[in-house]
Amino acid sequence: MTLDEMQQAWLEFRRERNWEQFHDPKSQAIGLVLEAAEVAEHMQWHTGDDLQKLLDENKDKLGEELVDVLSWVLLIAADQGIDLPAAFEAKMKKNAAKYPVEKSTGKATKYTNL
């Protein structure tokens, strides 16, 4: 399934349930943040091998949470007229300029401090 097909599937799912009325931009942003927090919740209090074991054992649950995050991203983008592939490409170009390979490889340093 392509990104566009996923987006269209979510839009149709929402349309069938008449949920557009509840999806103002602020509510969508809050939904996105809450779903992202649920991704983090699967990892809270775990580190290292323990974390990886937990993630391996709960891959399906983590995948569901990631799809919930993606669904909000797709809806927000559709409602705000954002072409995600084009926005992704533009952002990657900006990231490449901010984090050149020769300065950023192996570093977790913000671009302003490279």
Side-chain angles (χ1 to χ4, degrees):
M1 190 177 244
T2 67
L3 189 65
D4 185 58
E5 290 169 336
M6 287 187 277
Q7 188 174 50
Q8 292 309 311
W10 274 112
L11 290 169
E12 181 62 22
F13 182 89
R14 179 177 71 170
R15 205 174 5 260
E16 290 172 345
R17 288 154 182 81
N18 191 24
W19 286 351
E20 296 95 334
Q21 62 184 316
F22 308 118
H23 290 171
D24 61 272
K26 183 178 103 176
S27 295
Q28 289 176 323
I30 291 169
L32 174 61
V33 169
L34 294 174
E35 294 300 343
E38 290 185 24
V39 171
E41 185 178 26
H42 285 279
M43 302 176 202
Q44 188 177 20
W45 314 122
H46 300 276
T47 58
D49 291 341
D50 178 51
L51 172 59
Q52 192 56 57
K53 182 178 181 232
L54 180 74
L55 292 175
D56 290 343
E57 291 171 355
N58 293 285
K59 198 170 293 269
D60 290 343
K61 290 179 185 175
L62 180 60
E64 288 178 6
E65 298 302 346
L66 290 171
V67 169
D68 288 342
V69 170
L70 178 60
S71 69
W72 283 115
V73 170
L74 294 173
L75 288 177
I76 293 167
D79 289 352
Q80 298 306 312
I82 296 167
D83 178 339
L84 282 174
F88 179 85
E89 186 176 354
K91 182 63 175 179
M92 288 303 294
K93 286 179 183 176
K94 284 183 178 182
N95 286 343
K98 290 191 320 190
Y99 295 98
V101 172
E102 61 277 1
K103 290 184 178 181
S104 59
T105 299
K107 298 177 183 173
T109 306
K110 187 173 179 176
Y111 70 95
T112 55
N113 296 322
L114 287 175

Flag the pair [X] / [Y] as yes when at least one side-chain heavy-atom distance between them is below 4.5 Å, and no otherwise.
| X | Y | answer |
| --- | --- | --- |
| Trp10 | Val67 | yes |
| Leu70 | Leu66 | no |
| Ile76 | Ile82 | no |
| Asp4 | Gln7 | yes |

Taking a hydrophobic cluster as the set of Ile, Leu, Val, Met, Phe, Trp and Tyr residues connected by side-chain heavy atoms closer than 4.5 Å, whether directly or through intermediates, do [X] and [Y] fall within one such cluster?
| X | Y | result |
| --- | --- | --- |
| Leu62 | Trp45 | no |
| Ile30 | Val39 | no |
| Phe22 | Leu34 | no |
| Leu11 | Phe13 | yes |

Donor-acceptor contact below 3.5 Å, side chain Asn58 vs main chain Leu54
yes

Rounded to the nearest 0.5 Å, what separation is found between the CD atom of Glu12 and the CD atom of Glu16?
4.5 Å

Rounded distance [0.5 Å steps], CE in Met43 versus CG in Leu55:
5.0 Å

Per the side chain to side chain contact (heavy atoms under 4.5 Å, CB included) rule, which among Gln28, Gln21, Glu20, Lys26 passes with Asp24?
Lys26

Answer yes or no: does atom CG of Asp49 have more than 12 heavy-atom neighbours from other residues, nucleotides or ligands under 6.0 Å?
no

Counting only heavy atoms not in Asp50, do more than 12 sit closer than 6.0 Å to its CG atom?
yes

Which pair of heavy atoms, one from [X] and one from [Y], lies closest together, and at what distance?
| X | Y | result |
| --- | --- | --- |
| Leu32 | Val73 | CD1-CG2, 3.8 Å |
| Asp79 | His23 | OD2-O, 4.1 Å |
| Glu5 | Met1 | OE1-CA, 3.2 Å |

Test Glu65 against Lys61 for salt bridge (charged side-chain N to carboxylate O under 4.0 Å, His left out), laying out the working first.
CA-CA 6 Å; Glu65 298 302 346; Lys61 290 179 185 175; over 6 Å; no

Below 3.5 Å, can you tabulate the donor-acceptor pairs from side chains in residues 84-104 to any protein atom, sequence neighbours excluded?
{"unit_1": "Tyr99", "atom_1": "OH", "unit_2": "Tyr111", "atom_2": "N", "d": "3.3"}
{"unit_1": "Ser104", "atom_1": "OG", "unit_2": "Tyr99", "atom_2": "O", "d": "3.2"}
{"unit_1": "Ser104", "atom_1": "OG", "unit_2": "Pro100", "atom_2": "O", "d": "2.8"}

